[in-house]
A.B. asks: 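Supplied in structure tokens, the structure appears directly below.
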Amino acid sequence: MTDDETRPIRARMAPSPTGPLHIGTARTSLYNYLFARHVGGTYVLRIEDTDLARGTVENEQDIIDNLHWLGITWDEGPQVAGGEDIGPFGPYRQSHRWELYAAEAAKLLEDGSAYHCWCTPEELDEVRRQQERNHEPPRYNGRCLRLTNADLAQFEAEGRKPAIRFRVPPEKVTFDDLVRGEVEFDNALLGDFVIVRAGGVPLYHFVVVVDDEKMNITHVIRGEDHLSNTPKHIALIRALGYREPRFGHIPLILNADRSKMSKRKSQTAMTAYREQGYLPEAMVNFLAFLGWSPGTEEEIFSLDELAGRFELGQVHKAGAVFDQDRLDHLNGVYIRSLTDEQLALRIRPFLPDALDDSAVLRVVPLIKERLVRLSDAPELVAFLHEPDEAVIAGYLPEELNAKGKSAAETAIALDAAAQLVQELDDADFSADVLEARSRAAAEQLGWKPGDFFKPIRVAVTGRSVSPPLFSSMELLGRDRVLARIGAAHAKVAGGGSLA
RNA sequence: GCCCCCAUCGUCUAGAGGCCUAGGACGCCACCCUUUCAAGGUGGAGAUCACCGGUUCGAAUCCGGUUGGGGGCACCA
């Protein structure tokens, strides 16, 4: 009945495909993964798809893809949605294990640990409402425990199908939680709960217990929201004569208002973060520190380093707010740690085809330290591939003016800029030369360099905030720079021509 | 309502009786660097360690209570 400590360690993650991979599920999966890898145990993926109404294969695909994206791998389980299972304890999808659950439920029925319940959802609702009115705890009233043969005959005549309800032994249950220590519950306060629906579909509390036993799971690490479900599971484990695994309940990830992180108040789908250009390394690092720390002041860790350091004993008990500012910061750190070649590869999918691979590689150094997310890249490089007309149409004439400068003065500056560009042949058209000439021109004009660069920046990139100006000009090429400066001049001078 | 869990700067956290006049990071504010924005550098504000009692020569650290927050009580997972 109790866990024999000599069993080889096996941990698992058990996502439900009722939605795409949730941040919280990802973090729980990560902790399980880190735990299993740290102790050299086996890591299992089991798909909890008993909710036929809400589960989809698309979600299963999303979960598997995003787990892989994070770099999390498992030793047993489906590697691809709908694909072959790997491992000796399969199938690893609950929807493929129904005979097993039926057999286990039959055992419970046989020895009286469970019984048929003929109550309809409407009847149960009514009872619950009644209990609420009387300020009683909302739990099953045990009606079907005391059925007469006549009742039974009538239900059958009505064509009702029974659910199977587990008879919870009214006893105190204690367990030693891996993160919280000794926890005690009184199961006398629990109502008997349904383990198999009318119609034969088994429910979560039951299948999770059956599968953890049959898959030889020794360590159940899950969110704190399951803490008060654990005594139910232990009661089931005992009734079925199973071995009791160790339980560890990790703190919840919270919305800004400290409630359990939800779709309603936060972005919870991992895919969304991925699409916004968060790096999996940053996400993993960030998630790991939501409820755990190595006990030092170090904070940048790869997945492998995390696995080397991770201890369940260092996991916190209190929930942690998901702080996107911190994620953003970490993402920037990871982006900047990439080589230009690596970053070019990662950014490629975020950029339009109009930019070829070599152009991407050339802009990367200009935007690297300006990126928070990869999806920031298109805006930063837009000046490169946007048609000149679009760039020119993108700003108002007065945006060209440096602070305190009039349109007339701006026209003069633009004029000087056009001239200096014209004087350069293609071979000389480099950032260094451009900068030297521009500074000289500014001095000649008696302008501060920054003031002189402002109209050029807007003219050339269409924006007052851009990557470094002269490198941008070099990338753009002499002709396009000239065209854009000319157009800007026309705009500010109301159609007047360049000198 | 009942049961359970939790409680260090706004946020993530260090801290496992004296090293703490509580450290780091994010964010915020200044300044420096600087062609914009970033990045980087330096500095700053920010926590009577929820509160109240106890134990102790000594408590953020141990104990009790209070308050506050969260989670769970489905024929969802």
Side-chain angles (χ1 to χ4, degrees), chain A residues 14-19 25 48-51 53-55 117 119-121 124-125 128 131-132 134-140 161-165 177 179-180 183-187 189-191 193-199 201-205 207-208 223-232 249 251-252 254 256-260 286 289-300 316-330 332 336 367-372 380 402 435 438-439 442 448-454 456-458 461 463-470:
Chain A
S16 172
T18 48
T25 308
E48 307 237 331
D49 56 351
T50 54
D51 188 338
R54 294 191 297 150
C117 176
C119 300
T120 62
L124 294 170
D125 271 358
R128 230 186 319 273
Q131 288 168 332
E132 255 167 58
N134 301 341
H135 300 287
E136 288 165 19
R139 59 174 132 142
Y140 186 59
K161 292 267 181 277
I164 301 174
R165 212 173 262 280
D177 191 274
V179 349
R180 273 147 228 282
V183 183
E184 185 186 276
F185 286 89
D186 186 358
N187 274 1
L189 269 20
L190 247 46
F193 57 91
V194 172
I195 56 175
V196 179
R197 282 175 153 173
V201 176
L203 258 15
Y204 169 76
H205 293 307
V207 296
V208 75
E224 195 196 334
D225 47 351
H226 282 300
L227 188 59
S228 34
N229 290 150
T230 303
K232 289 182 189 171
H249 291 91
L252 263 17
L254 275 23
D257 64 5
R258 306 203 74 88
S259 57
K260 180 164 84 163
F286 173 71
F289 274 70
L290 245 33
W292 173 85
S293 104
T296 65
E297 285 181 354
E298 304 159 90
E299 52 185 9
I300 303 297
H316 298 168
K317 296 175 184 158
V321 173
F322 187 98
D323 178 12
Q324 181 140 355
D325 279 337
R326 198 179 174 79
L327 208 211
D328 283 348
H329 169 256
L330 272 176
R336 275 171 256 126
I367 63 172
K368 193 176 189 171
E369 55 197 31
R370 272 158 262 264
L371 290 174
V372 172
L380 287 169
E435 180 172 354
S438 296
R439 286 184 185 282
K448 283 192 285 192
D451 286 347
F452 181 59
F453 301 161
K454 167 84 190 284
I456 308 178
R457 181 186 307 283
V458 174
T461 68
R463 296 154 177 82
S464 52
V465 172
S466 79
L469 178 57
F470 305 109

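Reminder, nothing fancy here: chain letters follow the sequence lines and each chain counts from 1.
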A.B. asks: Would the distance check show the side chain of A:R180 and the main-chain N or O of A:H249 forming a donor-acceptor pair, the cut-off being under 3.5 Å?
C.D. replies: yes
A.B. asks: Nearest whole Å is fine: how far is B:G72 P from A:L190 CG?
C.D. replies: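 Going from A:L190 (CG) to B:G72 (P), I get 15 Å.
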A.B. asks: Please give the distance between the C1' atoms of B:G44 and B:G1 as a whole number of Å.
C.D. replies: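 Rounded to whole Å, the distance is 50 Å.
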A.B. asks: Determine the interatomic distance between P on B:C26 and the same-named atom on B:U21; round to the nearest Å.
C.D. replies: 25 Å
A.B. asks: Using whole Å, report how far CD1 of A:I300 lies from C1' of B:U13.
C.D. replies: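 Those two atoms, CD1 and C1', are 14 Å apart.
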A.B. asks: In whole Å, what separates the C1' atom of B:U11 from that of B:A16?
C.D. replies: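 These two C1' atoms come out 24 Å apart once rounded.
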A.B. asks: For the pair A:D49 (side chain) and A:P17 (backbone), establish whether a donor and an acceptor sit closer than 3.5 Å, ignoring hydrogens and angles.
C.D. replies: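 Flag not set: sc A:D49 to bb A:P17 has no pair under 3.5 Å.
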A.B. asks: Do the side chain of A:R463 and the main chain of A:T461 share a donor and acceptor less than 3.5 angstrom apart?
C.D. replies: yes
A.B. asks: Starting at atom CG of A:L227, determine the distance to atom P of B:C2, rounded to an integer number of angstrom.
C.D. replies: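 From A:L227 CG to B:C2 P: 19 Å.
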A.B. asks: Could you tell me the separation between the CZ atom of A:R258 and the C1' atom of B:G69, rounded to a whole number of Å?
C.D. replies: 8 Å
A.B. asks: Please state how far atom CD in A:E132 lies from atom C1' in B:C73, giving the value in whole angstrom units.
C.D. replies: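 About 11 Å, once rounded to whole Å.
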A.B. asks: Looking for any heavy atom pair under 4.0 Å, which part of the strands does A:R54 touch: base, sugar-phosphate only, or nothing?
C.D. replies: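 Base contact.
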A.B. asks: Please give the distance between the C1' atoms of B:C37 and B:G46 as a whole number of Å.
C.D. replies: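 After rounding to an integer number of Å, I get 28 Å for this pair.
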A.B. asks: Think A:R336 has a side-chain N or O under 4.0 angstrom from the OP1 or OP2 of B:G40?
C.D. replies: yes
A.B. asks: Find the partner of B:U36: check Watson-Crick (N1-N3 plus N6-O4 or O6-N4) and G-U wobble (N1-O2, O6-N3) distances, both under 3.5 Å, and reply none if neither fits.
C.D. replies: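 The base-pairing partner of B:U36, which may sit in any strand shown, does not exist here.
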A.B. asks: Return yes if the base of B:C73 and the side-chain atoms of A:R139 contain a donor-acceptor N/O pair under 3.5 Å, otherwise no.
C.D. replies: no
A.B. asks: Send over the distance from A:K317 NZ to B:C6 P, rounded to a whole Å.
C.D. replies: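 It works out to 5 Å between those atoms.
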A.B. asks: How far, in whole Å, is B:C6 from B:A22 if one measures between their P atoms?
C.D. replies: 27 Å
A.B. asks: Determine the interatomic distance between C1' on B:C28 and the same-named atom on B:C12; round to the nearest Å.
C.D. replies: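 After rounding to an integer number of Å, I get 16 Å for this pair.
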A.B. asks: Please determine if a side-chain N or O atom of A:K260 lies less than 4.0 Å away from the OP1 or OP2 oxygen of B:G72.
C.D. replies: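 So the side chain of A:K260 is within the cut-off, an N or O lying under 4.0 Å from OP1 or OP2 of B:G72.
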A.B. asks: Among B:U13, B:G72, B:C4, which nucleotide sits nearest the side chain of A:V183?
C.D. replies: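 Taking heavy atoms from C-beta onward, the closest nucleotide is B:C4.
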A.B. asks: Could you tell me how far B:C51 sits from B:A59 if I compare only their C1' atoms? Round to whole Å.
C.D. replies: 16 Å
A.B. asks: OP1 or OP2 of B:C5 less than 4.0 angstrom from a side-chain nitrogen or oxygen of A:H249, does that happen here?
C.D. replies: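 So the side-chain polar atoms of A:H249 never come under 4.0 Å of the phosphate oxygens OP1 or OP2 of B:C5.
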A.B. asks: Here's a test for you: under side chain to side chain contact (heavy atoms under 4.5 Å, CB included), which of A:I195, A:V194, A:V196 qualifies with A:L203?
C.D. replies: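 One option only clears the test, and that one is A:V194.
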A.B. asks: Under a 4.0 Å threshold between the charged nitrogen and the carboxylate oxygen, would A:E435 count as salt-bridged to A:R439?
C.D. replies: yes
A.B. asks: Using atom CZ of A:F193 as one end and atom P of B:C3 as the other, report the distance to the nearest whole Å.
C.D. replies: 20 Å
A.B. asks: Whether A:R197 contacts B:C76 is assessed here as follows: a side-chain N or O lying under 4.0 Å from the phosphate OP1 or OP2. Is that the case?
C.D. replies: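 So the side-chain polar atoms of A:R197 do come within 4.0 Å of the phosphate oxygens OP1 or OP2 of B:C76, strictly under.
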A.B. asks: Test for a donor-acceptor pair under 3.5 Å between the base of B:A25 and the side chain of A:H329, counting only N and O atoms.
C.D. replies: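 Under the 3.5 Å cut-off, the side chain and the base do not form any donor-acceptor pair.
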A.B. asks: Starting at atom CG of A:D328, determine the distance to atom P of B:U11, rounded to an integer number of angstrom.
C.D. replies: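 Rounding to the nearest Å, CG of A:D328 and P of B:U11 are 18 Å apart.
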A.B. asks: Taking the P atom in each of B:A14 and B:G58, what is the distance between them to the nearest angstrom?
C.D. replies: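 Straight-line distance between the two P atoms is 28 Å.
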A.B. asks: Closest nucleotide of RNA chain B for A:P137 versus for A:A14: which of these residues is on the 5' side?
C.D. replies: A:P137
